[in-house]
Amino acid sequence: MSDPNPIIPAELTEEHQHPVRERNDAALLSVRGLTVRFPTDDGLVNAVENMSFDLHADETLGIVGESGSGKSVTSMAILGLLPKYAQITGSIRFRGEELVGQPERVMQKVRGAKIAMIFQDALAALNPVFKVGDQISEAIATHKDMSRKQLRERAVELLELVGIPNPAARVDQYPHEFSGGMRQRAMIAMSIANEPDVLIADEPTTALDVTIQAQVLEVLERIRERTSSSIMLITHDLGVVAGVAERVMVMYAGRQVEMGDIETIFYRSNHPYTMGLLSSLPRLDRRAGNERLHRIKGQPPSLIFLPPGCAFNPRCPYAKHNVCDTVVPDLRELGFDHRTACIRAEEIEAAKETAG
Ligand SMILES: Nc1ncnc2c1ncn2[C@@H]1O[C@H](COP(=O)(O)OP(=O)(O)O)[C@@H](O)[C@H]1O
Ligand SMILES: [Mg+2]
């Protein structure tokens, strides 16, 4: 297996590598050096490269990146749902216990009960031939010993929690009797049925119209208030995380490029890719009709043939020849809980300050 990336010159390594400071409180989920590759007929797909992050109790972490940046592969790795041929290295610890390499029977106990997933497509997650309430009960019965009566009561309670009106009647209906938005809520009810410690929501709003999107985010907020679940909210839309997440991780071509609290990411980002995502967000202070969104030019690279140096350099307006196309930037700490993988981050920050 050949490493597509050149070795970092020693002088740059010293200057740019700082040890990553971690928060002291024990993380619920601790990912270290996670790397996932898929051997394919076209070559080795470098889907996720050397990811490290913590998810703390009672927090919502937003994971943002364009389609194909490795967001779903990361969540599938956490849930142990990657195909057998995937080459996984690194560590994923849940409450200190290693999940990488665990057999399926162990992961089955983790999935749903400790770490649960909200899927993008509620139709695919719900079985059309069973009543919604029975499907929720089934999800609970897999992990807990409860009577039929208790299961039904719990299903009603969960439907109520996700904002389904008249849950005592709805519990006996079939998925086709629910509207799209209601089905999405029912699926979320199923995901939280076992009060998981970690809830992974992978693009939970992408297939939905704007009104239902907002409702689903509201449901996530309510889950946060009423349960103690930590949430990983995965989206390609930086706007979606704005009102929901405390911390944000930005991914590009399978790598973390920036990570920080929400204020830092929105107001003090110093990674050109994040800055590009921010400038393509619609803004209220621009006159309607006069709206000109800046899109990031070009396409994300092939994960089989990554460009040398920083994977973003071919699209980056700040790219410096012989530096950015040669050196793979490390994710380094540039402020409290703010990490950036850009060699020019300080220069960019200084330039932003001068520009006001
Ligand atoms: N089973 C697989 N086999 C080969 N390549 C895969 C497989 N699953 C995902 N990939 C590739 O991994 C990359 C990351 O995919 P994914 O995590 O789904 O992106 P995202 O969720 O950010 O849109 C993509 O290039 C995708 O084609
Ligand atoms: Mg995805």
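Only this structure's heavy atoms are used, side chains among them; waters, hydrogens and symmetry mates stay out. Read the numbers this way: they start at 1 and go in the same order the structure lists the ligands and their atoms.
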Starting from atom 18 (O) of ligand 1, what is the nearest protein heavy atom, named by residue and atom, and what distance separates them? Ser72 CB, 3.6 Å
Return yes if some donor-acceptor pair links the side-chain N/O of Thr35 with the main-chain N/O of Thr89 below 3.5 Å, else return no. no
Identify, for atom 11 (C) of ligand 1, the protein heavy atom at the shortest distance, and state residue, atom and that distance. Val45 CG1, 4.0 Å
In the protein, which heavy atom is nearest to atom 12 (O) of ligand 1, and how far is it? Ala47 CB, 3.4 Å
Closest approach of any protein heavy atom to atom 15 (O) of ligand 1, naming residue and atom: Val73 CG2, 3.8 Å
With the threshold set at 4.0 Å, does a side-chain nitrogen-carboxylate oxygen contact exist between Glu349 and Lys352? no
Could you please spell out the steps behind the salt bridge (charged side-chain N to carboxylate O under 4.0 Å, His left out) verdict for Asp330 and Arg339? CA-CA 9 Å; Asp330 281 301; Arg339 291 188 267 162; over 6 Å; no
Ser67 heavy atoms, cut-off 4.0 Å: which ligand 1 atoms fall inside? 23 (O)
As a test of understanding, state which of Val100, Asp54, Ile92, Asn50 forms a side-chain contact (heavy atoms from CB on, under 4.5 Å) with Arg32. Asp54
Parallel, tilted or perpendicular: ring planes of His271 versus Tyr273, cut at 30 and 60 degrees: perpendicular
Taking backbone and side chain together, does Ser72 place any N/O/S atom at a distance below 2.8 Å from the Mg ion (ligand 2)? yes
Determine the sole option in Lys71, Glu203, Glu66 for which the side chain to side chain donor-acceptor pair (under 3.5 Å) test with His236 is passed. Glu203
Please confirm whether the backbone N or O of Met275 pairs with a side-chain atom of Glu258, one donor and one acceptor, at under 3.5 Å? no
Residue-ligand contact Gly65/ligand 1, heavy atom below 4.0 Å: no
Proximity to ligand 1 by part of Tyr85, non-hydrogen separation under 4.0 Å: side chain
Go through ligand 1 atom by atom and flag the ones less than 4.0 Å from a non-hydrogen atom of Ser69. 19 (O), 20 (P), 22 (O)
Spell out, as yes or no, whether a donor-acceptor pair under 3.5 Å connects the side chain of Thr40 to the backbone of Asp42. yes
Hey, which of Arg111, Glu104, Arg105 is the one that makes side chain to side chain donor-acceptor pair (under 3.5 Å) with Gln108? Glu104
For atom 23 (O) of ligand 1, grab the closest protein heavy atom and report residue, atom and distance to one decimal in Å. Gly68 N, 2.6 Å
Under 4.0 Å from a heavy atom of Pro83: give me the atoms of ligand 1 that qualify, with their elements. 1 (N)
Taking only heavy atoms of Leu303, which atoms of ligand 1 are found under 4.0 Å from at least one of them? 13 (C), 24 (C), 25 (O)
Quick test: of every protein heavy atom, which one is nearest to atom 10 (N) of ligand 1, and how far off is it to 0.1 Å? Phe38 CE1, 3.6 Å
